[in-house]
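I have placed the structure first, in the form of structure tokens, so that the comments after it can refer back to it.
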Amino acid sequence: MKIIFANWKSYKSLQQAKHWIEQVAENIPQNIKNSTQYEIIIGPAFSLLETLNREIQLTNLNFQLAVQDLSPYGVGAYTGAICAKNLEHLNIRYALLGHSERRRFFAETDKLVAKKVIQAAENSLKSIVCIDQGYIKSQAEVIRDENLSVPLVAYEPLSAISSTPGAKNADPSQVETIVNEIKSEFVNSKVIYGGSVDASNVMKYLEISDGVLIGSASLEPQKFCDILSQLK
Ligand code: PGA
């Protein structure tokens, strides 16, 4: 199954999140709604998870939920942190970890990300570890040192992420080379791609990877449905 991941970052109020679900439920292509070929995952802010969990069930959308981050610690005196146990009532399947925005704005390191991977694994959440070219090997090494494996790795070149000034689409053949390099470091992981994915290029990236991570083009329901309608 290929992954289609909508990374909402810190966007969306509760009202906007509900509106998104209603619109997507109305406009999703029928062949995608019950597809066994694609797994669609939404990664909203923590505060939206409970409502989205309910709305997904009410609208019969076969979508999964992910958190965009996770505490590197378990239950305990860690003010402000959300740990896996805090989420266990919410039907969450995935944890997106070590996104470049977390590394950049919150000083996350390879080691810290590995601690989060441990927390995810101990609590039956599937990690999606985000990496860029500069730290493929170092992140893989730390993960190996901890005797961990990660189910999914997201290759996200900073130069292609739409929030980077002057962002440029990555050339699919170059992405393919890096995806293969990542697969040789993270031996049993699926590798997905993220960075300015939209309806015009989604199939190109899906041909050379195990899925896509979509930021800005996932925010508007119509744009997201346009992407879904490209899937073959
Ligand atoms: P983008 O974001 O699709 O807006 O480039 C991708 C991401 O940062 O996950």
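In each ligand, atom 1 is the first atom listed, and ligand 1 is the first ligand listed. Starting from 1, each residue takes its place in the sequence as its number.
Counted by atom type alone, Glu156 and His99 present one or more donor-acceptor pairs between their side chains at under 3.5 Å. With no hydrogens or angles considered, no side-chain donor-acceptor pair links Ser100 and Asp132 at under 3.5 Å. Between the side chains of Gln139 and Arg103, at least one donor-acceptor pair of N or O atoms lies under 3.5 Å. Looking only at atom types and distance, the side chain of Asp226 has a donor-acceptor partner in the side chain of Gln222 under 3.5 Å away.
Here is the list of ligand 1 atoms found below 4.0 Å of a heavy atom in Ile161: 2 (O), 5 (O), 8 (O). Each of the following atoms of ligand 1 lies closer than 4.0 Å to a heavy atom of Glu156: 6 (C), 7 (C), 8 (O), 9 (O). Within ligand 1, counting atoms from 1 as listed, the ones closer than 4.0 Å to a heavy atom of Ser216 are 1 (P), 3 (O), 4 (O).
Counting only heavy atoms of the protein, atom 4 (O) of ligand 1 lies nearest to Ser162 OG, 2.5 Å. Atom 3 (O) of ligand 1 has its closest protein heavy atom at Gly215 N, 2.8 Å.
The shell of residues lying under 4.0 angstrom from ligand 1, judged by heavy atoms, includes Gly195. At least one heavy atom of Ser196 sits under 4.0 Å from some atom of ligand 1.
Between the side chain of Ser189 and the main chain of Val150, a donor-acceptor pair closer than 3.5 Å is present.
Nearest-residue assignment for atom 2 (O) of ligand 1 (options Lys9, Gln68, His99, Glu101; heavy-atom criterion): Lys9.
The residues Glu146 and Lys115 are annotated as not salt-bridged, no charged nitrogen and carboxylate oxygen being separated by less than 4.0 angstrom. Ion pairing between Asp198 and Lys223 fails under the 4.0 Å rule for side-chain N and carboxylate O.
Contacts with ligand 1 closer than 4.0 Å are made by side-chain heavy atoms of Asn7 only, the backbone lying farther away.
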